[in-house]
Enquirer: 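Take a look at this one; I'll ask things after.
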2 protein chains.
Amino acid sequence: MTDEQDTVDGRKLRGQRRRAQIIEATLTIVRRDGAAGVTHRTVAKEAGITTSLTLYYFATLDDLLVAALTSVTNAYTRRIRQLIDTEGDPLDGLARLIAESAGPGRERALAERELSTLAARRPALRPAARSWRDNVAELAQTQTDDPDAIEAFVALCDGLCAAILLDDHDADPDHIRAVLSKALLGTNR
Amino acid sequence: MTDEQDTVDGRKLRGQRRRAQIIEATLTIVRRDGAAGVTHRTVAKEAGITTSLTLYYFATLDDLLVAALTSVTNAYTRRIRQLIDTEGDPLDGLARLIAESAGPGRERALAERELSTLAARRPALRPAARSWRDNVAELAQTQTDDPDAIEAFVALCDGLCAAILLDDHDADPDHIRAVLSKALLGTNR
DNA sequence: GTACAACTAGTACGTACGTTCAACTAGGTT
DNA sequence: AACCTAGTTGAACGTACGTACTAGTTGTAC
């Protein structure tokens with residue numbers, strides 16, 4: 001939003017900063033109007049810049065969508081990796097992450113799902129779309145060695161998010177935690 | 001495609017037939033280009049009629065999308081209900097249905113997912129989007145009384161479909177059957 | 001200071017969009 | 001016969017789209 005420090009570290013950095021600004025504006029659009037609302041014009045307007053500028057940084061809409069999706073998934077990757085690396089209970093952390101889809105994280109989760117669905121059409125988006133699943137699988141791998149259980153666990157997490165998004169009902173982290181544990185370890189605890 | 005029998009049962013029926021024709025053309029578009037490709041013009045062109053005619057039957061694009069999604073989910077509902085009502089193993093039937101997402105049923109499954117994702121934005125689409133989950137839950141209810149297990153089972157089915165669609169890998173019905181059984185009944189058989 | 005590359009801005013072209021509208025056709029009714 | 005109404009058509013409205021192009025501006029290197 002604020003552009004006061006454009007010239008801090010020279011030219012190159014300013015460009016990267018612009019990129020980040022444009023990506024953020026894109027995500028704002030996706031959250032508000034869905035992926036279909038993303039156009040060079042709407043993004044430029046949201047960012048308060050000219051249309052040509054978004055085109056300068058992202059030659060095609062695909063480039064822009066890929067960058068936006070990557071940005072979202074990167075945020076999730078960081079959080080899940082944190083869950084794996086820290087001492088706490090990973091399943092509990094993941095359950096809370098999933099439960100967020102019903103609350104303040106709804107828009108972000110929705111943005112991720114919209115862009116993932118888009119990935120089925122646009123191959124360029126696929127690697128980014130897969131990263132959420134890969135990360136969840138990695139987390140599951142710290143709990144069990146059974147590949148079938150891991151596969152089911154990943155699918156379960158995805159389905160739970162989808163259910164929360166579609167039904168728009170409240171989500172109880174403890175309940176989700178119990179369901180996850182049952183699926184992965186065969187026990188509720 | 002063929003309109004030779006338009007006047008079989010009088011005027012009113014011909015209208016319903018047109019509706020069906022337009023819906024089918026819409027689904028063809030969704031399968032080929034995604035939900036974003038659905039416009040009055042593209043649908044009309046696909047159906048070989050004029051733009052005004054699609055507008056005559058479906059005043060807004062939302063109406064058209066709702067009708068298309070309902071048509072898809074109705075087809076699934078029929079098949080799942082058939083699995084429930086017949087003597088065979090429902091889990092096996094469901095596993096085969098899910099596995100179809102990798103083969104000839106991929107486009108239909110993809111269309112359903114695209115339209116379901118759209119439902120998160122357009123409330124009008126939600127009831128239709130929920131019906132797949134409701135049907136799977138009903139099927140699960142014939143196997144267990146544990147509501148948590150049913151919830152997890154539905155989420156699992158949804159996630160499995162998504163995984164198949166996104167990864168585009170082959171799906172083994174027997175393997176899926178085993179995963180489903182494990183999740184719902186706690187056993188692989 | 002001059003030169004060059006990165007960046008910004010404005011404008012314009014062709015296309016497609018949703019929607020409206022007046023006119024035309026063809027069964028069905030009276 | 002005249003009439004009515006659902007169905008159908010083609011043309012047009014204003015708007016927004018992706019993209020291209022030219023011209024200007026800045027920051028950095030020499």
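Chain naming here is simple, since letters A, B, ... match the order of the sequence lines and numbering starts at 1 in each.
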Enquirer: The criterion is side-chain contact (heavy atoms from CB on, under 4.5 Å); which residues satisfy it with Ala171(B), sequence neighbours excluded?
Expert: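 Once residues adjacent in sequence are excluded, the partners of Ala171(B) under the side-chain contact (heavy atoms from CB on, under 4.5 Å) criterion are Ala99(B), Ala102(B), Ile164(B), Ile176(B).
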
Enquirer: Between C1' on dG7(D) and CZ on Arg19(B), what's the gap in Å once rounded to a whole number?
Expert: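 Going from CZ in Arg19(B) over to C1' in dG7(D) covers 14 Å.
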
Enquirer: How does protein reach along nucleotides 15-24 of chain C, written 5' to 3' as B (base within reach of a heavy atom under 4.0 Å), S (only sugar-phosphate), or - (no contact)?
Expert: --BBBB----

Enquirer: Separation of Arg17(A) atom CZ from dG27(D) atom P, in whole Å?
Expert: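 After rounding, the reported distance stands at 14 Å.
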
Enquirer: Rounded off to whole Å, could you give me the CG-to-C1' distance for the Leu65(A) and dG18(D) pair?
Expert: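 The answer, rounded to whole Å, is 13 Å.
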
Enquirer: The criterion is side chain to side chain donor-acceptor pair (under 3.5 Å); which residues satisfy it with Glu112(A), sequence neighbours excluded?
Expert: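 Counting only residues at least two positions away or on another chain, Glu112(A) forms no side chain to side chain donor-acceptor pair (under 3.5 Å).
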
Enquirer: Taking only residues at least two apart or on different chains, which pairs with a member in residues 92-134 of chain B satisfy ring-ring contact (aromatic ring centres under 6.0 Å, His included)?
Expert: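 Sorted pair list: Tyr76(B)-Trp132(B).
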
Enquirer: OP1, OP2 of dT8(D) versus side-chain N and O of Tyr57(B): anything below 4.0 Å?
Expert: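 For dT8(D), OP1 or OP2 has a side-chain N or O of Tyr57(B) closer than 4.0 Å.
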
Enquirer: Rounded to the Å, how far apart are Ile22(A) CD1 and dT8(C) P?
Expert: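 Between P of dT8(C) and CD1 of Ile22(A): 8 Å.
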
Enquirer: In whole angstroms, how far is the P atom of dG7(D) from the CD atom of Gln21(B)?
Expert: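 Checked: the CD to P distance equals 14 Å.
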
Enquirer: If you look at every heavy atom in Arg133(A) and Ala163(B), which pair is closest and at what distance?
Expert: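 Heavy atoms only, the tightest pair is NH2-CB, 3.0 Å.
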
Enquirer: Report, one line per pair, each donor and acceptor closer than 3.5 Å where one atom sits in a side chain of residues 33-42 of chain A; sequence neighbours left out.
Expert:
{"from": "Thr39(A)", "atom 1": "OG1", "to": "Arg41(A)", "atom 2": "N", "distance (Å)": "3.3"}
{"from": "Thr39(A)", "atom 1": "OG1", "to": "Thr42(A)", "atom 2": "N", "distance (Å)": "3.0"}
{"from": "Thr39(A)", "atom 1": "OG1", "to": "Thr42(A)", "atom 2": "OG1", "distance (Å)": "3.1"}
{"from": "Thr42(A)", "atom 1": "OG1", "to": "Gly37(A)", "atom 2": "O", "distance (Å)": "2.9"}
{"from": "Thr42(A)", "atom 1": "OG1", "to": "Thr39(A)", "atom 2": "N", "distance (Å)": "3.0"}
{"from": "Thr42(A)", "atom 1": "OG1", "to": "Thr39(A)", "atom 2": "O", "distance (Å)": "3.1"}

Enquirer: May I have the distance from Ile49(A) (atom CD1) to dG10(C) (atom P), rounded to whole angstrom?
Expert: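 So the CD1-P distance, Ile49(A) to dG10(C), works out to 12 Å.
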
Enquirer: Could you check how far OH of Tyr56(B) sits from P of dT25(C), rounded to whole Å?
Expert: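 Computing the Tyr56(B):OH to dT25(C):P distance gives 17 Å.
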
Enquirer: Using a 3.5 Å cut-off and no angle test, enumerate the donor-acceptor pairs between side-chain atoms of residues 60-67 of chain B and protein atoms at least two apart in sequence or in another chain.
Expert:
{"from": "Thr60(B)", "atom 1": "OG1", "to": "Asp62(B)", "atom 2": "N", "distance (Å)": "3.2"}
{"from": "Thr60(B)", "atom 1": "OG1", "to": "Asp63(B)", "atom 2": "N", "distance (Å)": "3.2"}
{"from": "Asp62(B)", "atom 1": "OD1", "to": "Arg122(B)", "atom 2": "NH1", "distance (Å)": "2.2"}

